[in-house]
Amino acid sequence: MEASPLPTLAASRFLSLPPLLAPTCPRRTAPFLRAATQTLEAPEAPKPPRPSPRRSAVAEVKGAPDPIAALNRFEEVLQTQDCNIILRHCGDTRRWDDLSKVFEWMQEREMTNAASYSSYFKYLGLSRDPARALQVYGAIKDQTMKVHVSVCNSVLGCLVKNGRLDSSFKLYDEMIREGLSPDPFTYSTLLSGCMKLKQGYTKAMELINDMKSRGLQMDIVIYGTLLAICASHNYCEEAEVYFQKMKDEGHCPNLFHYSSLLNAYSENSDYEKAELLMKDLRSSGLTPNKVILTTLLKVYSKGGLFEKAKELLTELEASGFAQDEMPYCILIDGLVKGGKIQEAKILFNEMKEKGVKSDGYAFSIMISALHRGGHHEESKQLAKEFESENASYDLVMLNTSLRTYCSTNDMESVMRMLKKMDELNISPDNITFNTLIRYFCNSKVYHLAYKTVEDMHTKGHQLNEELCSHVMVQLGKGGFPSEAFSLYNMLRYSKRTVHKSLHEKALGILVAAELLKEAYIVVKDNADLISPASLEKFAKSFMVSGNINLINDVMKALNRSGWRISQDIFGRAIKRYIRKPDKKQLLVCLLDWMIGQGYSVDSSSRNLLLKNAQLFGQKQIIAEILSKQQTASRNIGQRHKN
């Protein structure tokens, strides 16, 4: 007999009643009601699995304000791979202090592996601490770890990223000697550093040959880096060769490869080849992006094809690729260098009217152009306009503003720029220092110019010899001979060879100021670079008022230079010694030395010596020396006659 559907229907109606109208039922309901209830109720969601103790520990350490204390609590739970996750978290969140603390904690417990070192070196590169990376790498005792390719690649990448190019190549050579087997990524990392080297192309070829000798093939990444190196060093033909070789080997160039070759064409303003390359790019199915079009704009601007450049800029604007200032800057810079300052000003004003975001580069180009063109007041007003609208500066913009304020003798604005430099923690460069030195010189505040040179030297910058020589001379004239001598030493001990006239200028300042001991230092090392007239002036002054204990040393230094000391100079020295009988031994040494060098005293000095010999208690010795001098002098005279 079939079961009636009514009970189920009744149950559904019953369950659909509002809560307040639903009758209360005893705990034990009819079977059909229980079935209906189970049918209508949603199944209970499965409970999520409980996180493992290790995962919980990692999460807690990540969120802890003191990761070391948290690590100590979970030391028995965590494994090396867990610590690596925590290490990377510190790096990703830019917690540089915690990064090093966690790594050191791992080292102390021998919980590091290749991934630990690789990650740590990567983040040290991001935090600009290559010195720490070198220190940690050098301390690795496990030789297998030290030549692990991912560890080596990471520390090399850290050095290259931070501009420590020489160190990176030296370390690579050391790694090879210790057993590193480099992979393509190793070479790609080192090649990227070649872009910034003066002889980068030559170094890149050495690396490519080394790579090939190890049986490694060039991949599309290495080809891209090599093209960029060619472009940055103006090896246009070589770039074309590598681009074609890459295609011949079956690699399909991407936008980066096209951009690099296009950049090489921009260096020579070769717009015809650039346009052919653009056709090739489009025919390969690629769509030019902002970088490609901006690079083409550079080709046109450098080549003076300003109408084409303007058309391309319009295309960039229509494509939404001109929302920042860079495309405008390229064309403005080209117009300025092409002598079209008015057109550059019009484009610059259009850029501002369109509300294009500027980081100061366009302002910097225009301020510098106006400054060079002699429009100093207009340049200054533009600098003030930027200052009023922008709180942030970079070094380029600061130097540009500083230069224009200095040229208009706006001391208040100069001081404001220097204060801003301190507030923004921007380190001055050679341009900054030389701008200030010239400004202080033009304002005839030479002592401030000296202080600036001193600061520049202390910070390790290369001094401008011509500018500093001018400051040195003015310091001497202004009554600051000690500062002048200090500046001379800064130049003298710099890494470059100074002009020989610098020594003579310094000597003149010191002799005039009667700083004869310092003057002797100049003469002792550079007498052969100083004129006879200046040497004689120095010698006369020193014999009269220099340190008497150094007279004989001065004589020897002058003689070594090839300058023949006059009898007048010897006469002055003898008179000085006679006034100081306690220096009799120095006098005897001088007279004796003169014989060996072919010198003799004149009759006036001879008579003076004989007359005062008894004061020295050396009458017989002096007489014998003078006799030898006469004999030697006659022999020399006889040889000249013969």
>> For Asn263 and Lys298, which I'm curious about, is there any donor-acceptor pair between the side chains at under 3.5 Å?
In response: yes

> For Lys459, what residues pass the salt bridge (charged side-chain N to carboxylate O under 4.0 Å, His left out) criterion, not counting sequence neighbours?
Replying inline: Asp455

>> Test of understanding: with salt bridge (charged side-chain N to carboxylate O under 4.0 Å, His left out), list the residues that count as partners of Glu174, not counting sequence neighbours.
In response: none

> Any ring pair (Phe, Tyr, Trp, His ring centres under 6.0 Å) pairs touching residues 268-307, not counting sequence neighbours?
Replying inline: none

>> Show every salt bridge (Lys or Arg N to Asp or Glu O under 4.0 Å) that has at least one partner inside residues 110-125, sequence neighbours left out.
In response: none

> Is any NZ, NE, NH1 or NH2 atom of the basic residue among Glu206 and Lys203 found under 4.0 Å from an Asp or Glu carboxylate oxygen of the other?
Replying inline: yes

> Of all residues at least two apart in sequence or in a different chain, which pass the salt bridge (charged side-chain N to carboxylate O under 4.0 Å, His left out) check with Arg95?
Replying inline: Asp98

Throw together a table of side-chain donor-acceptor distances under 3.5 angstrom for residues 247-256, partners on residues two or more places apart or in other chains.
residue	atom	partner	partner atom	Å
Lys247	NZ	Asp280	OD2	3.3
Asp248	OD1	Gln244	NE2	3.0
Glu249	OE1	Tyr223	OH	3.0
Glu249	OE2	Tyr223	OH	2.9
Asn254	OD1	Phe256	N	3.0
Asn254	OD1	His257	N	3.2
Asn254	OD1	His257	ND1	2.6

> Under the side chain to side chain donor-acceptor pair (under 3.5 Å) criterion, do Glu240 and Tyr265 qualify, and how do the steps go?
Replying inline: CA-CA 10 Å; Glu240 290 176 325; Tyr265 291 145; 2.8 Å; yes

> Among pairs that include at least one residue of residues 169-207, which meet ring pair (Phe, Tyr, Trp, His ring centres under 6.0 Å), considering only residues two or more places apart or in two chains?
Replying inline: Tyr201-Tyr235

> Say you draw a straight line from NZ of Lys62 to CD1 of Ile86; how long is it, rounded to the nearest 0.5 Å?
Replying inline: 8.0 Å

> Between the side chain of Ser154 and the main-chain N/O of Val151, is any donor-acceptor distance below 3.5 Å?
Replying inline: no

>> Run the side-chain contact (heavy atoms from CB on, under 4.5 Å) test against Asn390 and tell me which residues pass, sequence neighbours left out.
In response: Phe386

> side-chain hydrogen bond (donor to acceptor under 3.5 Å, both in side chains) with Tyr450: which residues, sequence neighbours excluded?
Replying inline: Glu454, Ser486

>> Just to verify, what does Lys101 make a side-chain hydrogen bond (donor to acceptor under 3.5 Å, both in side chains) with, not counting sequence neighbours?
In response: none

> Charged N to carboxylate O under 4.0 angstrom, Arg132 versus Glu104?
Replying inline: yes

>> Pairing donors with acceptors under 3.5 angstrom, does anything connect the side chains of Asn153 and Ser150?
In response: no

> With Lys161, which residues qualify under salt bridge (charged side-chain N to carboxylate O under 4.0 Å, His left out), at least two apart?
Replying inline: none

>> Applying ring pair (Phe, Tyr, Trp, His ring centres under 6.0 Å) as the test, list every pair that has at least one member in residues 81-107; sequence neighbours left out.
In response: Phe103-Tyr117, Phe103-Tyr120

> Does a donor on one side chain and an acceptor on the other come within less than 3.5 Å for Asn464 and Asn430?
Replying inline: no

> Is the backbone N or O of Val291 less than 3.5 Å from a side-chain atom of Asn289, with the two atoms forming a donor-acceptor pair by type?
Replying inline: yes

